Amino acid sequence: MRSALLRWYDREARDLPWRRTQDPYAIWISETMLQQTRVETVIPYYERFLSRFPTVETLADADADDLMEHWAGLGYYRRARNLQAAARCVVDEHGGALPDEIEGLLSLPGVGRYTAGAVASIAFDRPAPIVDGNVARVFARVFGIREELRSAPVQARLWEKAEALARGLRPGDLNQAVMELGATLCTPRAPECPRCPLARHCDAREAGDASALPVKAAKKPPKRVAAVAARLERNGKFLAVRRPPKGLLGGLWELPGGDLSPGETPEATASRSLHERVGLIAKVCEPLGSVEHVFTHRRLTLHVLRVKVGPERVRRQGYDAHRWLSEAALNALPLSKIARKAIALGR
DNA sequence: CAAGCGTGGGA
DNA sequence: TTCCCAAGCTT
């Protein structure tokens, strides 16, 4: 299997930006961005991020808003703050060099078993195993694993198989070859078995049920929620607020607002939440429409309103910064996709 | 161990 | 439209 994989990978590997470097820092950034995120989405973010923060020192010293500007739109924003926290740890406690073994890597915030194995094998040529979604799917098919994929025993078995695979020459390329296979041929639906270098070794191919594997329990549907965002204009400037670092969309800027309580109208929510969260009294609320947004665990309807307020000073509660900004300056902030949709609706 | 955490693309 | 999900980690 190893030689078949490596022959195929040497021939077919895609030319990806992080495959043109041996810099452990750059490889770590790429692996973090690639968590739950598609290659095509990551590429432009990776290029911009590495240009702006080319070394672990520049990342450790980055301004928080500058950092989030380079992550805005990529999702799972905790990853960005964990990267910076880890960069500071590398600078302060490892002399600026990324740990070159699993244990040291695992101790960094945001680095779990997968990322530690990826960096150790790809950047440092260690025989470290990795199991991601691709590896799990390929292995489930090749080894004919028909039990539910996320169960503890199946996970343990997948990691054992991965460990056996990585034990040999070119562990980083072997790990990447399995992921590459999962991403390009051994895809969730309609796998291209005739072109697969592992076809001769594959249990599911033999049994004819490759597209039925792996077996996964259904996920719970996202909960429907509703909220308001206020387009609050005063003297030609708009009020922007920054969410606290932890939790949903942490560290990103948006229009002030809040969640609808049961039975509450958007207008009432706007008045109440603006009073509670920025200390302003709404005098006029005019609905501008609504936008839909789906998170992993929430399906949000966001009602956008144009709101007029009195001359009171802003008193924040629950946000960790606020600014009155021109529309151009507002759009230059690190905004989530949903915030961009809300702002676009007001024009 | 389940839940929380984004976004966009394809079927 | 709706669903599934993509190089996971933390709590």
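Keep in mind it's a predicted model, so treat the numbers as computed, not measured. Protein chains get the first letters and strands the later ones, always in sequence-line order, with residue 1 at the start of each.
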* Would A/Arg141 count as a cation-pi partner of A/Phe139, with NZ or CZ less than 6.0 Å from the six-membered ring centre and within 45° of the ring normal? -> no

Output a table of nitrogen or oxygen pairs between the protein and nucleotides 6-11 of chain B separated by less than 3.5 Å.
| residue | atom | partner | partner atom | Å |
| --- | --- | --- | --- | --- |
| B/dG6 | OP1 | A/Tyr76 | N | 3.4 |
| B/dG6 | OP1 | A/Tyr77 | N | 2.8 |
| B/dG6 | OP2 | A/Leu249 | N | 2.4 |
| B/dG6 | O4' | A/Tyr76 | N | 3.1 |
| B/dG6 | N7 | A/Tyr76 | OH | 3.3 |
| B/dG6 | N7 | A/Thr296 | OG1 | 2.2 |
| B/dG6 | O6 | A/Tyr76 | OH | 3.1 |
| B/dG6 | N1 | A/Gln36 | O | 3.0 |
| B/dG6 | N2 | A/Gln36 | O | 3.2 |
| B/dG6 | N2 | A/Thr37 | OG1 | 3.0 |
| B/dT7 | OP1 | A/Tyr77 | OH | 2.7 |
| B/dT7 | OP1 | A/Lys337 | N | 3.1 |
| B/dT7 | OP2 | A/His293 | NE2 | 2.7 |
| B/dG8 | OP1 | A/Lys337 | NZ | 3.1 |
| B/dG8 | N2 | A/Arg38 | NE | 3.4 |
| B/dG8 | N2 | A/Arg38 | NH2 | 3.0 |

* To do: Name every residue in residues 14-21 of chain A that has at least one heavy atom under 4.0 Å from any atom of DNA chain C, in order of residue number, or write none if there are no such residues.
  => A/Arg14, A/Leu16, A/Trp18, A/Arg19

* So which of residues 23-32 of chain A are in contact with DNA chain C, with a heavy-atom cut-off of under 4.0 Å? -> A/Glu31

* **Test item: A/Ser30 side-chain N/O and A/Ile27 main-chain N/O as donor-acceptor pair under 3.5 Å** => yes

* Asked: Quick one: side chain to side chain contact (heavy atoms under 4.5 Å, CB included) partners of A/Thr296, sequence neighbours excluded?
  -> A/Tyr76

* **Out of C/dA6, C/dG8, C/dT2, whichever nucleotide has its closest atom nearest the side chain of A/Pro188** => C/dA6

* Using the P atom in both, what is the distance from C/dC9 to B/dG8, to the nearest Å? -> 22 Å

Side-chain donor-acceptor distances from residues 188-195 of chain A under 3.5 Å, at least two apart:
| residue | atom | partner | partner atom | Å |
| --- | --- | --- | --- | --- |
| A/Glu192 | OE1 | A/Arg195 | NH1 | 3.2 |

Side-chain donor-acceptor pairs of residues 90-112 of chain A under 3.5 Å, sequence neighbours excluded:
| residue | atom | partner | partner atom | Å |
| --- | --- | --- | --- | --- |
| A/Asp100 | OD2 | A/Arg126 | NH2 | 3.0 |
| A/Ser107 | OG | A/Gly104 | O | 2.7 |

Partners of [X] by ring pair (Phe, Tyr, Trp, His ring centres under 6.0 Å), sequence neighbours excluded?
X: A/His322; answer: none
X: A/Phe124; answer: none
X: A/His70; answer: A/Phe53

* Could you tell me whether A/Arg137 contacts a base, only the sugar-phosphate backbone, or nothing, with contacts defined as non-hydrogen atoms closer than 4.0 Å? => sugar-phosphate

* Do any of residues 149-179 of chain A sit with a heavy atom less than 4.0 Å from DNA chain B, and if so which? -> none

Calculate the interatomic distance between [X] atom [atom1] and [N] atom [atom2]; express it in whole Å.
X: A/Lys219; N: B/dC5; atom1: NZ; atom2: P; value: 15 Å
X: A/Lys223; N: B/dA2; atom1: NZ; atom2: P; value: 18 Å
X: A/Leu34; N: C/dG8; atom1: CG; atom2: P; value: 8 Å

* Asked: Can you list every salt bridge (charged side-chain N to carboxylate O under 4.0 Å, His left out) pair that touches residues 163-175 of chain A, not counting sequence neighbours?
  -> A/Asp10-A/Arg170, A/Arg170-A/Asp173

* Inter- and intrachain pairs under salt bridge (charged side-chain N to carboxylate O under 4.0 Å, His left out), touching residues 309-333 of chain A, at least two apart -> A/Asp65-A/Arg323, A/Arg231-A/Glu327, A/Arg242-A/Asp320, A/Glu327-A/Arg347

* Phosphate-side-chain proximity, A/Lys220 and B/dA3, N/O vs OP1/OP2 below 4.0 Å -> yes

